[in-house]
Amino acid sequence: MKAALSTLITSKTLTPHPSSSSFSRSIWLHPKTLSNSPSFITSIPSKTLTTNTNNYSHLRLNHHRKSHTANFSSIMASAYKPEEARVPPALPLPAPPVNKFKIGLCQLSVTADKERNIAHARKAIEQAAEKGARLVLLPEIWNGPYSNDSFPVFAEDIDAGGDASPSTAMLSEVAQRLKITIVGGSISERSGDQLYNTCCVFGTDGKLKAKHRKIHLFDIDIPGKITFIESKTLTAGQTPTIVDTEVGRIGIGICYDIRFQELAMIYGARGAHLICYPGAFNMTTGPLHWELLQRARATDNQLYVATCSPARDAGAGYVAWGHSTLVGPFGEVLATTEHEEAIIIAEVDYSLLELRRTNLPLLKQRRGDLYQLVDVQRLNSK
C-alpha cells in the first residue's frame, strides 16, 4: 500500500500575458510620479523639462478624469442596485481564522473491501497531515464501489455512529487525534428507509460539524457512452450546506452539485471562502467538463474550489476520471494530478480573495434592477 499511495505536490501555474498581469495593470491605472532627483534633472535639457511639465499637467488631467469616471461608475452602480441581486442581501466575506494553510486532496483507490478502504483512507489522511495539511478532502463514495447495487450494501447510519458507521467513526477519531479539519468525501447513508449520498465535515475536536446530502442526483443518459440513474436508489438532499471551520467558511457540494451554479452562488452570498466538491466524474464528461466547471464556479464567485475524485480503476463498473484539483479565486489551477492514486498538498491563501474582488469588483457591478438570486432557505428563516 505504501508503494501505491504516493505523495504528489503539484503546482500548475497559469502565466498571464504580460499586458494583463497585475503588475502591468497597476502601472497603467496608477501612474507613478517621475523622479525629481538632482542628477536626473541636471541631465535633461530645459526644453525637455518644459515638455515634462506639460506631461505632469496631462497626468493630473487624466487623474481627474479617472476620478470623475469612478464617481460616475459609483452613481451608476447605485442605480443598478447591486445589493438587490441577492435575496436576502449577500453577507460580507467574514475574516477567516487563518490567512494561509495547506490543503490535502486524497485521490484514493477504492475496492469492494470496506475495511480495507477505511484503513487506506486513514493512512492517506495521516500522510497528508504529516505534509502539513490542516484541511483534508476525501473522494466521493470512498468506502465502497460507486454503483446502485453497492449503495445499500455499504450504507451506514451516520446519526447512530459507532459500529453503525465505521467510516465516520474513523474520520472523527483521526480529526481529533491529528487536530485537523476533514471534509470526509461522501459515503452512502442510511436514514430510516432512505439512502443518501452524504458528506460529513469533522472539526479538530473530532465532532461532526456539518452533514451535506447530495442535492442534485446524478441521473444522465448519453447513448453509447454512459447511463446512470442515482435516483433508482438514492434520495436527494434538501439543504445547502455551509460550515464555519478552523480553516474558514466552507460550502459543500457533491459531484453533480457542481453543475448547478446557483448552489455555488448561494454559498458565495453566504460568505464562503472555499467550496469543496468530492466528486467522481466519468470518462465521458470528465475530460470535457470537470476542470471547466471547477474553474467556472471559482471564477464566478471569486473564491477557492477544491475537488477530490477516486483514483481510476479501468476494471470497475464505473470508471472515474480522477484529476483532483485546487482552483484559486481567479480561476487559476493551483494544483492538480492525473488519474492515479495520489495525495496533493497545496497552499490556500485567503488574501487573494480580497485582491481579486478588488481587481474585478463584481459585487458592486451586479444588476439587481434586472435579476435576483433568491436563497430560499435564508429567506424562510427570517
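The first residue in the sequence is number 1, and the count goes up from there.
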Least distance between heavy atoms, G331 atom then R295 atom: O-NE, 2.6 Å
Side-chain donor or acceptor of Q107 paired with backbone N/O of E340 under 3.5 Å: yes
Exam field: side chain S188 to backbone A155, donor-acceptor pair closer than 3.5 Å: yes
Considering all heavy atoms, the nearest Q127-I343 contact: OE1-CD1, 3.5 Å
Step-by-step side chain to side chain contact (heavy atoms under 4.5 Å, CB included) determination, L379 to V374: CA-CA 8 Å; L379 192 65; V374 179; 3.9 Å; yes
Min side-chain heavy-atom separation L135-V183 under 4.5 Å: yes
Test applied, ring-ring contact (aromatic ring centres under 6.0 Å, His included); reference residue, F281; option that passes from W321, Y256, W290: W290
CG on L217 to CD1 on I254, rounded to 0.5 Å: 10.0 Å
Hphob cluster co-occupancy, Y318 + I220, side-chain heavy atoms under 4.5 angstrom: yes
Check: V247 main-chain N/O paired with H273 side-chain donor or acceptor under 3.5 Å: no
Reported CZ-to-CG distance for the pair F218 and N148, which is rounded to 0.5 angstrom: 10.5 Å
Cluster link I118 to I182, ILVMFWY, side chain under 4.5 Å: yes
Reported OG-to-CG distance for the pair S309 and L138, which is rounded to 0.5 angstrom: 12.0 Å
Donor-acceptor under 3.5 Å (Y267 side chain, I252 main chain): yes
Heavy-atom pair of closest approach, residues T285 and N282: N-OD1, 2.9 Å
Y304 (side chain) donor-acceptor with D349 (main chain) under 3.5 angstrom: yes
Shared hydrophobic cluster, W142 / L208 (ILVMFWY, side-chain heavy atoms < 4.5 Å): yes
Non-hydrogen side-chain atoms of L373 and E262 separated by less than 4.5 Å: yes
D163, CG: over 12 other non-hydrogen atoms inside 6.0 angstrom: no
Shared hydrophobic cluster, L353 / I250 (ILVMFWY, side-chain heavy atoms < 4.5 Å): yes
D369 side chain reached by E84 side chain, heavy atoms, under 4.5 Å: no
Side-chain heavy atoms of Q176 within contact of D205, under 4.5 Å: no
A272 to L93 - nearest heavy-atom pair and separation: O-CD1, 3.7 Å
Backbone of N197 reached by a side-chain donor or acceptor of E230 within 3.5 Å: no
Side chain to side chain contact (heavy atoms under 4.5 Å, CB included) assessment of K114 paired with S167: CA-CA 9 Å; K114 187 174 185 178; S167 299; 4.0 Å; yes
Distance-only side-chain donor-acceptor flag, T245 / R134, under 3.5 Å: no
Check: E156 side chain, I187 main-chain N or O, donor-acceptor pair, under 3.5 Å: no
Trace of the side chain to side chain contact (heavy atoms under 4.5 Å, CB included) decision for H212 with D257: CA-CA 11 Å; H212 177 78; D257 285 338; 3.1 Å; yes
Verdict with supporting geometry, L363 and R357, side chain to side chain contact (heavy atoms under 4.5 Å, CB included): CA-CA 8 Å; L363 298 177; R357 294 179 186 203; 4.2 Å; yes
Under-4.0 Å salt bridge between K179 and E246: no
For the student: nearest non-hydrogen atoms of G184 and C199, plus distance: N-SG, 4.3 Å
Distance-only donor-acceptor check, side chains H323 and Q294, under 3.5 Å: no
K100 atom NZ, neighbour heavy-atom count above 12 within 6.0 Å: no
Distance, nearest 0.5 Å, that separates CD of E332 from OG1 of T299: 8.0 Å
pair P310-I141: side-chain heavy atoms closer than 4.5 Å: no
L91 vs R378 side-chain heavy atoms within contact, under 4.5 Å: yes
Close side-chain approach of Q372 to K81, heavy-atom, < 4.5 Å: no
Under 3.5 Å donor-acceptor, S150 side chain and Y146 backbone: no
Test item: R297 side-chain N/O and I258 main-chain N/O as donor-acceptor pair under 3.5 Å: yes
Gap between atom CG of L362 and atom CZ of R356 - 0.5 Å precision: 12.5 Å
Interatomic distance, Y277 atom OH to K214 atom NZ [nearest 0.5 angstrom]: 12.5 Å
Close side-chain approach of N380 to V376, heavy-atom, < 4.5 Å: yes
Whether over 12 other heavy atoms sit under 6.0 Å from R312 CZ: yes
L108-F154 co-clustered via ILVMFWY side chain contacts under 4.5 Å: no
Heavy-atom closest contact (R122 atom, E173 atom, distance): NH1-OE1, 2.7 Å
S324 backbone acceptor or donor facing T336 side chain under 3.5 Å: yes
Cationic tip of R213 above Y196 ring, under 6.0 Å, 45° of axis: yes
Distance-only side-chain donor-acceptor flag, S165 / D157, under 3.5 Å: no
